[in-house]
Amino acid sequence: MKTRRYNNKLWALLVAVLLGTMTTSCERDNEVEALNNPYEAKQGESESTTPEEEDYIAKALSAIPGISDVRMDLQVLSTRKGYYFKVEQLVDNSDVSKGTFKQLCLLEVNDLDAPVMLYTNGYNLDSYIGNIGPEDIAKYLNANSLYVEHRYFGQSLPEDANDLNFTYFNAQQAAADLHRVVTLLKQYLFNKGNKWVSTGASKCGINTTLYAYYSDLYGWDDIDLYVPFCAPFLVGTPQSPADKSVGTYLKDVCGSHYPANSPQAKAYQYLRAYPSAIANNKALRDACLRYFNQTDSYDYLRLLKDYPNDIERAATAGVLYVFYAYLAEKFAYLDFSDWCSLVPDPTAISTTKPEDDFRLYEVLEFIFMDKKKLEAKLPEQDTSEEGPASVRRRSGYTEEEILKLRSTYPNAPYDIQAVRELGSIFFDFSLLPANSFVTSDYCEQVVKNSLAPVANYGLYAGQWDGGKLMTSVRNWVNTTKKHILFVYGTNDPWTGGAIDSGNPWPGEVIAVNPANANVSKVLSLHTNHNSDILDAKSYPVAASNAIKQALDKYIKSK
């Protein structure tokens with residue numbers, strides 16, 4: 001197992017921050033200076049051709065020190081001009097001697113006098129352009145949109161693509177990257193007092209919050225309002241990044257806020273019956289194991305290797321993992337009201353002649369039904385947006401496979417960061433009865449050993465920070481002077497990792513942190529990862545208005 005190789009200076013700072021210790025005033029000033037003014041930037045050299053050279057904004061971007069490779073793209077949005085460009089960044093933002101790399105950005109220009117929306121990508125850039133909730137912020141503000149690719153994703157590699165050790169892959173480095181981009185554009189392009197809002201959804205929302213966190217630490221005054229959407233902050237345990245908060249929320253809360261006897265309430269009760277039915281109805285269990293072996297043979301063979309003398313029980317645990325993983329997709333990316341009628345009752349399967357019972361096949365199909373298969377059954381569904389990556393990961397990556405997967409699975413580095421400092425999703429199997437064919441404890445053991453990301457990336461598990469960063473962020477929201485609006489939905493599984501989950505605020509649609517009036521939260525009924533704040537079907541009027549009021553207060557009114 002490789003160990004984390006940090007620059008000694010950066011590692012000392014990170015430990016001091018996370019443990020709440022203090023460096024001397026002189027030492028801290030030196031660190032802040034290194035991150036605020038990392039190096040004397042070189043004049044960027046544009047590789048643009050004639051159309052770009054004739055465009056004012058392309059020329060202005062090309063003239064900014066440290067910006068290069070400007071390319072205009074009229075196809076990004078039909079109503080705006082888009083400009084891809086690269087920013088020269090320090091490989092290690094605390095050590096100039098480590099050299100530089102180029103970070104990919106995209107700017108969609110509406111009006112140079114208008115506000116700027118910074119979308120803090122947590123992944124590769126192109127896959128997350130136009131994310132629904134944050135893109136609505138740009139529409140509402142009539143703002144320019146700036147997307148910044150996260151280091152180690154896509155084209156933005158601080159290390160050689162053939163020798164990636166993820167040495168400089170952490171939240172502190174990513175925040176310094178964002179500060180560098182914003183500083184350049186504020187100085188040279190948006191220099192008329194433009195207001196800035198920073199936002200992101202899911203992992204990108206975590207990135208938004210961490211940008212605010214490190215901005216507080218280093219005294220950066222970049223952003224007027226931070227709006228993280230559906231961002232989970234998973235503390236895990238001191239021993240493991242595996243965190244059940246999302247899994248427990250999925251099991252208990254998603255789909256539960258509907259009137260009694262409604263189709264949604266009936267479907268919610270059916271969903272709670274699935275784990276026991278899968279484990280204890282032998283007809284269903286046998287069908288699931290056959291289907292699992294046929295359709296997910298890689299995971300099945302992994303379990304066979306790890307549990308050769310107990311494959312039936314181990315594979316049953318694997319099926320339960322698949323069920324919850326696909327259920328998380330369904331709730332996160334599709335409206336529950338649109339698919340609740342497609343949830344079959346798992347307790348209605350015949351125990352006498354299961355081969356003649358069509359309900360068995362309905363239930364089997366639903367268990368293994370991912371988001372795309374479910375979408376195909378729904379009328380008038382827009383399937384043009386893929387949305388964030390599935391919560392399921394192919395199991396058993398080696399270090400060599402991780403590097404090879406960059407071209408086919410560009411989000412693989414996220415799992416590495418998860419087992420280092422962000423925490424990793426884990427499901428909750430506690431609906432299984434104590435005398436079940438498989439117990440909750442047994443399922444947890446099998447999944448941790450063989451299937452979950454925390455097992456898949458065991459190569460990096462020894463680098464887990466013990467939950468220190470996520471705990472520090474959760475405590476920081478009680479004292480920060482940054483203006484932050486967290487947005488969550490009751491049907492989004494990731495709300496289980498909401499910033500306030502350990503210490504609930506009042507239960508209104510919008511609530512102010514009782515410890516800090518600078519921080520507020522919108523918890524919107526029935527909304528999820530893909531909800532659109534300008535669509536009344538997605539966000540109730542009160543929740544949508546609460547978001548708009550915060551934007552009006554901090555962005556439009558100044």
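Just so you know, these numbers use all the heavy atoms, side chains as well, and skip hydrogens, waters and symmetry mates.
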- request: Take I67 and Y188 through the side chain to side chain contact (heavy atoms under 4.5 Å, CB included) test and state the conclusion after the steps.
  value: CA-CA 11 Å; I67 288 182; Y188 291 99; over 6 Å; no
Does any non-hydrogen side-chain atom of [Y] lie less than 4.5 Å from one of [X]?
X: N518; Y: K482; result: no
X: K102; Y: Q155; result: no
X: N207; Y: N121; result: no
X: D552; Y: Y140; result: yes
X: L61; Y: L185; result: yes
X: S215; Y: H179; result: no
X: V487; Y: Y539; result: yes
X: I547; Y: S544; result: no

Parallel, tilted or perpendicular, judged at 30° and 60°: which one describes the rings of [X] and [Y]?
X: W220; Y: Y211; answer: tilted
X: F153; Y: H150; answer: perpendicular
X: Y213; Y: W476; answer: perpendicular

task: Would you check, one step at a time, whether the test side-chain hydrogen bond (donor to acceptor under 3.5 Å, both in side chains) holds for S430 with D428?
output: CA-CA 6 Å; S430 60; D428 185 339; 2.7 Å; yes
query: Which residues satisfy the side-chain contact (heavy atoms from CB on, under 4.5 Å) test with K244, sequence neighbours excluded?
result: T248, F426, E444
- prompt: Should Q173 and D92 be marked as a side-chain hydrogen bond (donor to acceptor under 3.5 Å, both in side chains) after you check the CA-CA gap, both sets of side-chain angles, and the distance that decides it?
  reply: CA-CA 7 Å; Q173 297 281 6; D92 182 344; 3.0 Å; yes
K203 to Y123, cation-pi by 6.0 Å centre distance and 45° axis angle: yes
Sequence neighbours excluded, every pair satisfying side chain to side chain donor-acceptor pair (under 3.5 Å) that has a member inside residues 229-240: none
- prompt: For D177, what residues pass the salt bridge (charged side-chain N to carboxylate O under 4.0 Å, His left out) criterion, not counting sequence neighbours?
  reply: R151
query: With sequence neighbours left out, what residues match D111 under salt bridge (charged side-chain N to carboxylate O under 4.0 Å, His left out)?
result: none
- request: Give the C-alpha distance, both sets of side-chain angles, the deciding distance and a yes or no for side-chain hydrogen bond (donor to acceptor under 3.5 Å, both in side chains) between N475 and S472.
  value: CA-CA 5 Å; N475 293 332; S472 181; over 6 Å; no
- prompt: In this structure, which one of T209, D216, N516, N513 forms a side chain to side chain donor-acceptor pair (under 3.5 Å) with T480?
  reply: D216
message: Tell me the closest heavy-atom pair linking A161 and L157, and the distance in Å.
response: CB-CD1, 3.7 Å
- request: In sequence, state the C-alpha distance, the side-chain angles, and the governing distance for F101 and Y168, and then conclude on side chain to side chain contact (heavy atoms under 4.5 Å, CB included).
  value: CA-CA 12 Å; F101 73 101; Y168 309 101; over 6 Å; no
field: Intermediate values then yes/no, side-chain hydrogen bond (donor to acceptor under 3.5 Å, both in side chains), T120 and T208
entry: CA-CA 6 Å; T120 54; T208 300; 2.5 Å; yes
Under the ring pair (Phe, Tyr, Trp, His ring centres under 6.0 Å) test, residues paired with Y268 that sit two or more places apart: none
task: Using ring pair (Phe, Tyr, Trp, His ring centres under 6.0 Å) as the criterion, list what pairs up with F336, not counting sequence neighbours.
output: Y258, F331, W339
